[in-house]
Protein chains: 2
Amino acid sequence: MNEKKTAERGYHHGDLRDALIRAADDLMAEKGLEGFTLRETARRAGVSPAAPSHHFGGSPGLLTEVAALGYRELARRLVAASETGSPADRLKAQGVAYVRFALDFPGRFHLMFRHDLLVKEQLSLEQATGQAWDALEKTVLAIRGQSEGAELDAEGEAMLIGIWSTAHGFAHLTLDKKLARIAECDSDDDMLENLFPAIIDTLWVKKLG
Amino acid sequence: MNEKKTAERGYHHGDLRDALIRAADDLMAEKGLEGFTLRETARRAGVSPAAPSHHFGGSPGLLTEVAALGYRELARRLVAASETGSPADRLKAQGVAYVRFALDFPGRFHLMFRHDLLVKEQLSLEQATGQAWDALEKTVLAIRGQSEGAELDAEGEAMLIGIWSTAHGFAHLTLDKKLARIAECDSDDDMLENLFPAIIDTLWVKKLG
DNA sequence: TGAATATCTTTACAGTGTAAAGATTATGCG
DNA sequence: CGCATAATCTTTACACTGTAAAGATATTCA
């Protein structure tokens, strides 16, 4: 986990930029987004508190790279979820994958939507978010019978934002334990496996299939 | 805005507890949730940094009261939104009211779903959240044709959590400016007035009405 | 080789939340 | 009423935080 200290590794780290991103990501995986501090991240990388600023300009710069990492992983899962089945089935699978991602990586997920902590102009973030949304858009285009490069029509737009909002809200509410009061699910996994698909069915699939 | 300082008001404040809640709420309305600090809140109330702890035990205790205040306002709006129309119309109106609340009070809204900042056992919070969810549940019971005191059936449960998740996700994504890339709306208000109802229609009303 | 540059450290500063102990006022009881 | 007790607020202090500025060290390239 911990990197070598200055004494054992010499003055220059060699791979500090990536090491800091990994350390920050690990830290958030352990203690959640609110457990993150720049100094602790530096400590774990075996480096002084001011070192990260040279590579990222400051805390938001580093966090943005971690968020980009999260969007890339999310995009990967969204693409994987849309490989089989009818367009409607694929959209449903992407919704499940979205929530699954949030439950697997709560720290990353929360970070990815905290625009007060991120530098939205940072290229890596723009590209990574683009990958994720493109994966959703592609599926909706298929449902609408539009060609791949086309602009979504109005109904498709509502569809995309609808599924996204539903999955996003469900993920947030589950992580915040707000649904326990209503649904009698044992675990978060249970909510994802059973409750969420039921909601999607009630909302979408009956209309589409 | 600022309260009297110690010299002009004497040693005891007289109404410090409420004054601190108001100051914290004001501060968040101005600078957002991340602009809140306990010390600044104390400063605005004209009181020492350690004074709040006596009334609220600490920062989370105070924030919990602000969140409860938010839930009461939300409940008020949800009830008001469900006063006219068919059950399906009322649920839609409640969804719009939910998002409207989030756009009107971003600071409160974000706080209300940050369980890491709140003391969920605090009575005022439990009661206030109960009021809000009851307002939604009542409408869904009417849609399902169940009596007021009954437990929601499975489909009703999916319905309640569905509308809640969708409104919640839409509110979050709008506040985070994530939808700008897809929808060509001018303002957040535009999104609420036009886009969100269109989504609800696509999702719900066609099925219910 | 030597100068320029990139990288990391040291030091310092203005913030933060809150624990502990002291000062002041209000309250309730004889 | 008078006084002990409790409630309320202040002061002081501490361990944190992010980061700006300046110094130390290694790498790179002409």
Side-chain angles (χ1 to χ4, degrees), chain A residues 2-24 27-28 30-67 111 114 116-119 122, chain B residues 2-24 27-28 30-67 111 114 116-119 122:
Chain A
N2 286 11
E3 311 286 324
K4 297 176 188 167
K5 303 284 173 192
T6 313
E8 359 175 1
R9 67 159 162 75
Y11 206 96
H12 284 206
H13 183 287
D15 190 30
L16 183 55
R17 199 188 141 88
D18 284 354
L20 284 170
I21 296 174
R22 276 196 307 271
L27 178 53
M28 283 177 25
E30 285 176 38
K31 318 219 181 190
L33 174 56
E34 308 313 314
F36 164 87
T37 71
L38 187 58
R39 287 179 108 105
E40 173 64 16
T41 303
R43 242 171 264 136
R44 290 187 174 210
V47 105
S48 84
S53 289
H54 190 268
H55 289 274
F56 303 100
S59 178
L62 168 56
L63 289 176
T64 300
E65 293 304 323
V66 177
L111 173 64
R114 285 286 299 277
D116 57 309
L117 300 180
L118 303 176
V119 186
Q122 211 150 297
Chain B
N2 286 10
E3 311 285 325
K4 298 175 188 168
K5 301 286 170 183
T6 312
E8 0 174 1
R9 68 159 161 74
Y11 206 99
H12 284 203
H13 183 287
D15 190 31
L16 183 55
R17 201 190 138 86
D18 284 355
L20 285 169
I21 296 174
R22 276 196 307 272
L27 179 53
M28 280 177 25
E30 285 177 36
K31 318 218 182 191
L33 173 55
E34 307 314 311
F36 164 86
T37 71
L38 187 59
R39 288 179 108 106
E40 173 64 17
T41 302
R43 242 170 265 137
R44 291 186 175 213
V47 103
S48 84
S53 289
H54 191 267
H55 289 275
F56 302 99
S59 178
L62 168 56
L63 288 176
T64 300
E65 293 303 325
V66 178
L111 173 64
R114 285 284 300 275
D116 57 309
L117 299 180
L118 304 176
V119 186
Q122 211 150 297

Margin query: Rounded to whole Å, how long is the line connecting atom CG of L38(B) with atom P of dG15(C)?
Written below: 16 Å
Notebook entry, point to check: Can a side chain N or O of S48(B) be found less than 4.0 Å away from OP1 or OP2 on dC9(D)?
Noted result: no
Item checked: Toward the 5' end of DNA chain C, by each residue's nearest nucleotide, H54(A) or P49(A) -> H54(A)
Next item on the list: Using atom CD of E34(A) as one end and atom P of dT17(D) as the other, report the distance to the nearest whole Å.
Entry: 14 Å
Checklist line | Validation row: L117(A), L33(A) side chains within 4.5 angstrom (heavy atoms) | finding: yes
Margin query: Whole angstroms only, please: what is the CZ-C1' distance between R43(A) and dA15(D)?
Written below: 11 Å
Notebook entry, point to check: Do R17(A) side-chain and dT7(C) base share a donor-acceptor contact under 3.5 Å?
Noted result: no
Checklist line | Candidates dT9(C), dT16(C), dG17(C) - which lies nearest the side chain of S59(B) | finding: dG17(C)
Check: Please give, in whole Å, the distance from dG18(D) C1' to L20(A) CG?
Finding: 15 Å
Checklist line | Ion pair R17(B)/E65(B), N-O distance below 4.0 Å | finding: yes
Margin query: Could you tell me how far apart F56(B) (CZ) and dT18(C) (P) are, to the nearest whole angstrom?
Written below: 13 Å
Item checked: Test log, rule side-chain contact (heavy atoms from CB on, under 4.5 Å), inputs R22(A) and D15(A) -> CA-CA 11 Å; R22(A) 276 196 307 271; D15(A) 190 30; 4.0 Å; yes
Margin query: Nearest to the H55(B) side chain among dT16(C), dT8(D), dT11(D), which nucleotide is it?
Written below: dT8(D)
Margin query: Looking only at the side chain of V47(B) (C-beta and beyond, no hydrogens), which of the listed nucleotides dC9(D), dT18(C), dC8(C) gets closest?
Written below: dC9(D)
Notebook entry, point to check: In whole angstrom, what separates E40(A)'s CD from dG18(D)'s P?
Noted result: 10 Å
Notebook entry, point to check: With a 3.5 Å cut-off and just heavy-atom distances, do the side chain of R39(A) and the base of dG18(D) make a donor-acceptor pair?
Noted result: yes
Next item on the list: Rounded off to whole Å, could you give me the CG-to-C1' distance for the L63(B) and dT16(C) pair?
Entry: 14 Å
Margin query: Run F56(B) and T64(B) through side-chain contact (heavy atoms from CB on, under 4.5 Å) and show every step you take.
Written below: CA-CA 9 Å; F56(B) 302 99; T64(B) 300; over 6 Å; no
Next item on the list: Send over the distance from L16(A) CG to dT27(D) P, rounded to a whole Å.
Entry: 14 Å
Notebook entry, point to check: Salt bridge check: are E34(A) and R114(B) linked by an N-O gap of less than 4.0 Å?
Noted result: yes
